[in-house]
Amino acid sequence: MKKILLIVVGCLVLAGAGWGVYHFVLQKKLLVEDVLPQQPLFYGKITDLEKNLQEFIASPFGQAVQKINFKLLLDQSKMDPKQQEAIIKNIAAIYDPKAQFIINQLFSQEVALAAYSTDIDFSSLRAMSPAQRVEEVARIFENIVVVTRLKPSAQAIEVMSQVISQTGEDVTRDTQEYQKHSIDVITFKKANVDLYYTRLQDLLVFGIGSRKPVEKALDVVAKTIPSLSKDTAFQALKPYNVAGAMKVGYMDLVKIMTGVQQAAEEFVKTSVPEDQRSQAQRQLNETFEQFQGLTHLTYSYKGGPLAQGNLNLFSSNPMGEGLPGFACMPVENQTLRFIPKEIVGYNWNTCLRLNNYWGQWKQSQDEAQERQAAAATQGEKIPGEQTAETIEDFLGMSIEDDILPAIGDEFGGYLAGIKTGKMFPVPQLLLFLRVNDRAKVEAILTKMMGQDFLVMQQENYANVTINSAALPLGGDIQPSYCFLGDYLLVGINRQVLKDSLDVVADPALSLPEADDFKILNMAATGKNLHMVFLKPPLLIQQIKNLLETVNQWISAQEDQRAAFLSGSQRRLDDINKEIDFQQSEAKQFQTQATALADAIQALRSQMLDTTVQQQELTQLEGKIDQAHKAIEGHQEQRQQLEKIIGEYKQQMMPPEKRRLLLDEVLVPFLNAVEQIEALGWRATQEENVLRVMVFIKSKE
């Protein structure tokens, strides 16, 4: 008996081991991409949602956001109350334990959404009934798949039952079959929506309103249609994502832009007046030409105290070749050498492209001349627009031959702070522009600044000539410029220019030496297209100082308005009293006149003289007429005053409400943004891809 028992136990152990080998070794764990079909229009995936959400809620930024009174903010908008309620619920759901339970049960590990092409006949939509249009749009959901990964050992039925019990919805449940595989169906009666799902290992695959998304996932697993994990285009772009990203996304721009263009063209055909249709179609073609050649877009994001994200735009040709909208070329950023490290924000761009704006302006001029010619044939006149000759005559140069070639494509600037406390706030701002021909640019500036009302001054500082315009507004506002190598620097005053020249003399004072700039990898070498760096705490502090100044100004304005309203209201009260008095007098005069008229009639019946009485009646009638005219004049004044008072009251926000918005909306919002210590992004091009990299450093 013992031998038999040992044999049975041994068989069970071997069977268990075999099952374990099959389940954990031979049976490969399914990835989300293993159950999704190839060639999605859009694909997005989030991992560790529960962990990241809890970190967000516990972070200084998340805590600060929670203090914003969104309801008060939405009350100030003209949004529909139902929309307001929906927004408030969505915001509250982030911190709601019930919502966090659902996230924990269904989406804590991994969740993805993929959308595929839907053939919609845009030309027939207009002829459809409203019900048919809803049906046509609903077909989009047949091509949307949602996949989520359950926690280890979780049972799909138990999880879905718990989630449903948390939602409190009235539901029915059913089970269907597809190729010998079960598909569960949950019908939410109130919303009249069916939710289809099936389990594949630890993945749940969902379809909303249709079981077709679930069927496609089952076909992928059965290998009757290829999976996204075998999609060569999709897989080739994955290395561009941030390592360890919690969010990733992918878009097929060819298919998306084709669909958008078809919809836009159909709108032009059916909704634009016929006489404007050709121009609208031309503008539409010009817009979509800017995106010709683009193939895909990917994005990814990794959170944490030092977060990083990127966006990659791919083209079938090298960027700048045959892509009008992306023809800028990356260069080395040489402006960092004159940017101080202690600044609020900095921006550098290589894509000014004045030639494009010039071309658009010339085209608008040609169109204006065509309109004038067409109007002339009809005997009409259209006022002429400013021509290029006017500008060229003033400057004594040709725009196309002299001015445009003299100006480069690099431009930008930095904000050092905002000065308050005087007549008005003054931003400490410096702008820069790369020039190709300094002599011509100097000639342009000399012409523009050589007006009679401007008094120009020159100062030599660090072997650089600074030109300034003396204005009666004080030294804080003194437009100034200088040339530093190939760059034109323009400042709100001379001091900002001097600060930049000091940085050139001492590189240790430059922005690349700032700790946050280094931490955000902003000082990376190489060629770039665009660079932005921002210190939110410094910016927020400047804004708060500015708010205090603005608040004092508003309070003074409110006091003036209150005094005006008080005086207007007193005047209105006086007019109302005057009207009451005049009406009372008119009534008294009318009573006397009626009695006197009766007396005159009685005297006449006795054949007596009524001359004296008639004179008195005439005087009374004159007084009545004067009283009525006075009443009419006062009523006009009253109407004007009531209108003025009403308009002022509409314009004025009660001080207590303004204070509430400031304390419960604006200041908490600023406090939230202040939790971001530094923010930056860089854009560059690498062969067939435009890359935008974002870096965020937050308080821990």
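Basis for what follows: all heavy atoms, side chains included, without hydrogens, waters or symmetry-related copies. The chain is numbered in sequence order, starting from 1.
Side chain of Asp515 to backbone of Lys518: no donor-acceptor contact under 3.5 angstrom is found. Between the side chain of Thr148 and the backbone N or O of Glu110, at least one donor-acceptor pair lies under 3.5 Å. Judged purely by atom type and a 3.5 angstrom limit, Asn436 uses its side chain to pair as donor or acceptor with the backbone of Pro405. A donor-acceptor pair is defined here as one N or O able to donate and one able to accept, closer than 3.5 Å; such a pair exists between the side chain of Gln675 and the backbone of Asn671. Using a distance-only test at 3.5 Å, with no hydrogens or angles considered, no donor-acceptor pair links the side chain of Gln542 to the main chain of Lys419. Under the 3.5 Å distance criterion, the side-chain polar atoms of Gln428 are matched with a main-chain donor or acceptor of Val426. Using a distance-only test at 3.5 Å, with no hydrogens or angles considered, no donor-acceptor pair links the side chain of Asn143 to the main chain of Thr118. No side-chain donor-acceptor contact under 3.5 Å links Ser480 to the backbone of Gly491. Judged by distance alone, the side chain of Tyr240 and the main-chain N or O of Leu313 form no donor-acceptor pair under 3.5 Å. A donor-acceptor pair under 3.5 Å links the side-chain atoms of Ser300 to the main chain of Val242, judged by distance alone.
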Checklist line | side-chain hydrogen bond (donor to acceptor under 3.5 Å, both in side chains) assessment of Thr350 paired with Asp409 | finding: CA-CA 5 Å; Thr350 66; Asp409 287 333; over 6 Å; no
Next item on the list: For Leu511 and Ile343, run side chain to side chain contact (heavy atoms under 4.5 Å, CB included): C-alpha distance rounded to whole Å, both residues' side-chain angles, the deciding distance at 0.1 Å, then the answer.
Entry: CA-CA 8 Å; Leu511 185 58; Ile343 58 168; 4.1 Å; yes
Next item on the list: Report the C-alpha separation of Asp34 and Ser229 in whole Å, then their side-chain angles, then the decisive distance to 0.1 Å, and conclude whether the side-chain hydrogen bond (donor to acceptor under 3.5 Å, both in side chains) test is met.
Entry: CA-CA 6 Å; Asp34 293 333; Ser229 60; 2.9 Å; yes
Next item on the list: Quick one: do Asp486 and Arg434 satisfy salt bridge (charged side-chain N to carboxylate O under 4.0 Å, His left out)? Show the steps, please.
Entry: CA-CA 6 Å; Asp486 293 332; Arg434 184 163 189 144; 3.3 Å; yes
Item checked: Derivation of the side-chain hydrogen bond (donor to acceptor under 3.5 Å, both in side chains) call for Asn347 and His530 -> CA-CA 8 Å; Asn347 175 48; His530 189 199; 2.8 Å; yes
Next item on the list: With ring pair (Phe, Tyr, Trp, His ring centres under 6.0 Å) as the test, would you mind laying out the steps for Phe42 and Tyr250 before giving the verdict?
Entry: CA-CA 6 Å; Phe42 167 82; Tyr250 164 95; 8.9 Å; no
Notebook entry, point to check: Do Lys699 and Glu674 pass the salt bridge (charged side-chain N to carboxylate O under 4.0 Å, His left out) test, and can you show the C-alpha distance, the side-chain angles, and the key distance before you say yes or no?
Noted result: CA-CA 9 Å; Lys699 293 181 180 179; Glu674 204 170 10; 5.6 Å; no
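Applying the side-chain hydrogen bond (donor to acceptor under 3.5 Å, both in side chains) test between Glu33 and each of Gln38, Lys238, Lys230 identifies Lys238 as the sole match. The residue from Phe338, Phe411, Phe483, Tyr414 that alone fulfils the ring-ring contact (aromatic ring centres under 6.0 Å, His included) condition with Phe432 is Phe338. For the side-chain hydrogen bond (donor to acceptor under 3.5 Å, both in side chains) with Asn467, the lone residue among Gln458, Glu442, Arg494 that qualifies is Gln458. With Asn285 as the fixed residue, the side-chain hydrogen bond (donor to acceptor under 3.5 Å, both in side chains) test singles out one of Arg282, Gln283, Gln281: Gln281. Among the candidates Asp231, Val32, Val145, the single residue satisfying the side-chain contact (heavy atoms from CB on, under 4.5 Å) test with Tyr43 is Val32.
Taking both residues in full, the closest heavy atoms of Leu690 and Thr684 are given as CD1-O, 3.3 Å, listed atom of the first, atom of the second, then distance. Across all their heavy atoms, Leu354 and Leu404 have their closest contact at CB-CD2, 3.8 Å. When all heavy atoms are compared, the tightest approach of Leu113 to Val146 is CD1-CG2, 4.1 Å.
Shown here are the salt bridge (Lys or Arg N to Asp or Glu O under 4.0 Å) partners of Asp402, two or more places apart in sequence or in another chain: Lys440. For Tyr481, there are no ring pair (Phe, Tyr, Trp, His ring centres under 6.0 Å) partners, not counting sequence neighbours.
Here the CG atom belonging to Leu509 is positioned 9.5 Å from the CG atom belonging to Asp499, to the nearest 0.5 angstrom. Rounding to the nearest 0.5 angstrom, the gap separating the CE atom in Met257 from the CG atom in Asp252 is 12.0 Å. Distance CH2/Trp348 to CG/Asn333: 4.5 Å, rounded to 0.5 Å. Taking NZ of Lys45 as the reference point, atom CE of Met246 lies at 12.0 Å (rounded to 0.5 Å). Between the CG atom of Leu497 and the CG atom of Leu489 there is a distance of 6.0 Å, given to the nearest 0.5 Å. If you take CG on Leu311 and CG on Leu297, they are separated by 4.5 Å, rounding to the nearest 0.5 Å.
Using a 4.5 Å heavy-atom threshold, the side chains of Ile696 and Ile676 count as touching. Between Val254 and Phe291 there is no side-chain heavy-atom pair separated by less than 4.5 Å. For the pair Ser500/Leu430, a side-chain contact is recorded, criterion being any heavy-atom separation below 4.5 Å from C-beta on. For the pair Arg682/Val692, no side-chain contact is recorded, criterion being any heavy-atom separation below 4.5 Å from C-beta on. Counting heavy atoms from C-beta on, the side chains of Leu352 and Glu410 never come closer than 4.5 Å. With a 4.5 Å cut-off on side-chain heavy atoms, Pro479 and Ile492 do not count as touching. For the pair Gln235 and Thr232, the minimum side-chain heavy-atom distance is 4.5 Å or more. Under the 4.5 Å side-chain criterion, counting only non-hydrogen atoms from C-beta, Leu41 is not in contact with Met251.
Taking 4.0 Å as the cut-off between side-chain N and carboxylate O, Glu332 and Lys527 do not count as a salt-bridged pair.
Atom NZ of Lys341 has more than 12 neighbouring heavy atoms from other residues, nucleotides or ligands inside a 6.0 Å radius. Within 6.0 Å of CD in Gln457 there are more than 12 heavy atoms belonging to other residues, nucleotides or ligands.
Centroid-to-centroid, the aromatic rings of Phe517 and Phe533 come within less than 6.0 Å.
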